[in-house]
Amino acid sequence: MTSDFLRILQERGYIHQCTDFGGLSALAEREMVTAYIGFDATADSLHVGSLVQIMMLRWLQETGHKPVVLMGGGTTKVGDPSGKDESRQLLNDQEIGANIASIRRVFERFLTFGEDGNKAVMVNNADWLDKLAYIPFLREVGRHFTINRMLSFDSVKLRLEREQPLTFLEFNYMILQAYDFMELARREGCRLQMGGSDQWGNIVNGIELARRIDGLELFGLTTPLITTAGGQKMGKTAAGAIWLNPERLPPYDYWQFWRNTEDADVGRFLRLFTLLPLEDVARLEALEGQELNEAKKVLAGEATALCHGREAAEAAAETARRTFEEGGLGENLPSVAVSAAELEKGIPAFLLFTQSGLTQSNGEARRLIKGGGARLNDLRIEDENRQLRPEDLSAEGVAKLSAGRKKHALVRLN
């Protein structure tokens with residue numbers, strides 16, 4: 001790994017496969033490489049499962065190369081069958097456009113956008129896919145794909161083996177993604193596509209297509225599947241996805257997600273999800289016992305600062321300190337507002353757990369109470385029909401709800 005870019009990715013644990021390490025490293029040494037990663041626009045936010053790819057683009061720019069963020073405004077209309085048991089709900093142009101605008105705000109935290117040098121750009125594959133004429137596309141591109149090979153891809157085999165429907169619309173996805181690579185090579189000079197390990201086949205398809213039609217030499221690089229030490233897929237929790245947009249998940253909850261990292265994952269996550277020098281990572285991951293909690297706080301602070309800004313990270317850390325170390329009520333905890341009239345009637349505690357986001361449903365809240373994991377003002381709630389009344393609020397008009405030891409929210413008098 002003679003290029004800084006590949007060396008850093010290798011040292012920090014980002015690399016799973018590469019189509020040609022030697023060729024890519026030599027290219028990155030002699031010139032600025034333009035590289036891209038594609039992201040779906042199926043929601044108005046990405047989640048932590050996309051963060052490895054986002055960090056790769058960050059390191060690409062840090063080492064002097066040019067990142068291209070490809071938003072799948074066109075391919076989102078088709079749906080990526082990779083890892084899916086059923087077809088995705090199809091979105092209209094307005095919904096996709098709104099999602100892309102929302103997602104861009106996350107990338108603006110991680111990358112520097114602009115037109116010159118190695119500034120990042122965001123492009124939308126609807127700009128070229130929407131204009132394709134069907135018959136010319138089949139003649140130019142479709143003839144390079146055999147049904148035999150397409151049936152061999154895991155994304156297709158999985159659906160067929162489980163006897164789940166795979167529409168002709170989705171079957172075209174891999175052809176469109178391959179075409180994206182060739183089109184970005186033409187438009188932006190992209191020489192490298194990066195992505196998760198599940199995208200390996202799609203990336204190789206693009207490399208082959210551009211070689212056959214345009215005679216280009218392109219490269220592919222994938223990341224390993226990131227799971228926790230407990231075997232859970234990164235970005236998924238019992239409470240739902242860990243979203244990157246603050247409207248979907250408050251910065252405090254984002255900070256808490258990283259603070260609750262399993263001991264065995266601390267070093268690996270510091271390397272992947274922060275910009276800390278490796279010597280600092282080595283020192284932090286060597287800590288043991290209670291001292292390892294300090295490393296987790298550093299991880300939470302650095303990861304949150306990248307996504308939400310340093311001020312939000314420091315506010316989250318202070319809220320956690322007041323909540324856990326002083327037993328106070330942090331101002332930045334998630335909260336739900338109630339009126340005096342509602343309190344006089346009495347509000348079921350399980351309802352407030354759901355409204356505050358501590359549980360996903362009233363049924364889950366009831367089960368939490370029955371299991372002894374629900375607290376009001378640090379006292380266990382014994383009755384699942386317990387109601388919150390005016391006397392439960394402090395002099396400041398606040399009550400604290402807790403789901404277990406680590407998840408808290410406030411009820412505030414409106």
Side-chain angles (χ1 to χ4, degrees), residues 5 8-9 12 14 32-76 80 91 95-128 177 180-181 183-184 187-190 192-196 199 203 221-223 226 234-235 241-251 254-255 257-258 269 272-275 302-313:
F5 172 58
I8 288 173
L9 292 193
R12 300 185 81 97
Y14 288 98
M32 182 179 73
V33 175
T34 299
Y36 86 97
I37 299 178
F39 298 89
D40 275 338
T42 50
D44 59 5
S45 173
L46 301 175
H47 59 67
V48 165
S50 298
L51 196 53
V52 166
Q53 278 72 50
I54 295 172
M55 290 298 294
M56 285 180 78
L57 291 175
R58 173 65 180 254
W59 282 114
L60 181 80
Q61 190 167 51
E62 291 273 343
T63 53
H65 304 288
K66 184 179 180 67
V68 174
V69 180
L70 174 65
M71 295 307 305
T75 41
T76 295
D80 184 357
L91 304 178
E95 291 169 326
I96 291 172
N99 288 346
I100 290 174
S102 181
I103 289 170
R104 183 184 174 95
R105 292 188 289 112
V106 170
F107 281 102
E108 288 172 343
R109 287 284 189 187
F110 288 88
L111 303 172
T112 302
F113 283 83
E115 298 300 324
D116 58 318
N118 72 326
K119 297 289 177 55
V121 296
M122 177 177 281
V123 296
N124 184 345
N125 63 12
D127 291 346
W128 53 87
Q177 185 168 329
D180 280 344
F181 199 176
E183 190 68 24
L184 284 171
R187 290 172 176 245
E188 304 288 342
C190 277
L192 169 65
Q193 182 184 356
M194 303 184 290
Q199 297 300 315
I203 292 172
L221 185 68
T222 62
T223 61
I226 305 298
M234 191 67 184
I242 304 301
W243 299 100
L244 302 183
N245 279 58
E247 299 82 8
R248 283 280 198 140
L249 187 77
Y254 190 77
W255 188 94
F257 167 75
W258 295 106
F269 286 3
L272 288 171
F273 301 116
T274 80
L275 302 176
E302 294 300 314
T304 305
L306 278 171
C307 190
H308 296 295
R310 183 65 63 183
E311 185 177 337

>> Do Asp180 and Trp128 have side chains that approach each other closer than 4.5 Å (heavy atoms only, starting at C-beta)?
In response: yes

> Mind checking whether Tyr14 and Ile8 have side chains closer than 4.5 Å, heavy atoms only?
Replying inline: no

>> Asn118: which residues meet the side-chain hydrogen bond (donor to acceptor under 3.5 Å, both in side chains) condition with it, sequence neighbours left out?
In response: none

> Rounded to the nearest 0.5 Å, how far does CE of Met56 lie from CG of Leu9?
Replying inline: 5.0 Å

> Atom CG in Leu184, atom CD in Gln193: separation rounded to 0.5 Å?
Replying inline: 8.5 Å

> Taking all non-hydrogen atoms of both residues, which atom of Asn124 and which atom of Leu70 are closest, and how far apart?
Replying inline: C-CD1, 4.3 Å

Anything under 3.5 Å between a donor and an acceptor, one on a side chain of residues 108-117, the other on a protein residue two or more places apart or in another chain? List them.
{"from": "Glu108", "atom 1": "OE2", "to": "Arg104", "atom 2": "NE", "distance (Å)": "2.9"}
{"from": "Arg109", "atom 1": "NH2", "to": "His308", "atom 2": "O", "distance (Å)": "3.2"}

> By ring pair (Phe, Tyr, Trp, His ring centres under 6.0 Å), which residues pair with Phe181, not counting sequence neighbours?
Replying inline: Tyr36

> In chain order, what residues pass the side-chain contact (heavy atoms from CB on, under 4.5 Å) check against Ile96, with sequence neighbours excluded?
Replying inline: Ala41, Thr76, Lys77, Leu91, Ile100

>> Looking at Tyr254 and Trp243, would you say the former's side chain and the latter's main chain have a donor-acceptor pair under 3.5 Å?
In response: no

> Of the options Leu244, Ile54, Leu249, which is the one that meets Cys307 in a side chain to side chain contact (heavy atoms under 4.5 Å, CB included)?
Replying inline: Leu244

> Taking all atoms of both residues into account, what is the closest heavy-atom pair of Leu60 and Lys66, and its distance?
Replying inline: CD2-O, 3.4 Å

>> Which residues pass the salt bridge (Lys or Arg N to Asp or Glu O under 4.0 Å) test with Glu188, not counting sequence neighbours?
In response: none

>> Which residues pass the salt bridge (Lys or Arg N to Asp or Glu O under 4.0 Å) test with Glu311, not counting sequence neighbours?
In response: none

> Which residues satisfy the ring pair (Phe, Tyr, Trp, His ring centres under 6.0 Å) test with Phe39, sequence neighbours excluded?
Replying inline: Phe107

> Between atom CZ of Arg310 and atom OG1 of Thr304, what is the distance when rounded to the nearest 0.5 Å?
Replying inline: 9.5 Å

>> Working to the nearest 0.5 angstrom, can you tell me the gap between Asp44 CG and Ile103 CD1?
In response: 7.5 Å

>> Give me the atom names and distance for the closest heavy-atom approach of Val68 to Cys190.
In response: CG2-SG, 4.0 Å

>> Could you work out, with side-chain hydrogen bond (donor to acceptor under 3.5 Å, both in side chains) as the rule, every residue matching Ser45, not counting sequence neighbours?
In response: Asn245

>> I need the full list of side chain to side chain donor-acceptor pair (under 3.5 Å) pairs touching residues 48-58, with sequence neighbours left out, sorted by first then second residue.
In response: Gln53-Thr223, Arg58-Glu62

> Taking only residues two or more places apart in sequence, or in another chain, which ones meet Thr274 in a side-chain contact (heavy atoms from CB on, under 4.5 Å)?
Replying inline: Arg12, Leu270, Leu276, Leu299, Glu302

> What's the shortest heavy-atom distance between Gly73 and Ala126, and which atoms?
Replying inline: C-CB, 3.8 Å

> So Phe273 and Trp258, would you call those rings parallel, tilted or perpendicular, with 30° and 60° as cut-offs?
Replying inline: tilted

>> Using side-chain heavy atoms (C-beta onward) and a distance below 4.5 Å, is Val106 in contact with Leu46?
In response: no

> How long is the gap from CE on Met194 to CD on Gln199, to the nearest 0.5 Å?
Replying inline: 13.5 Å

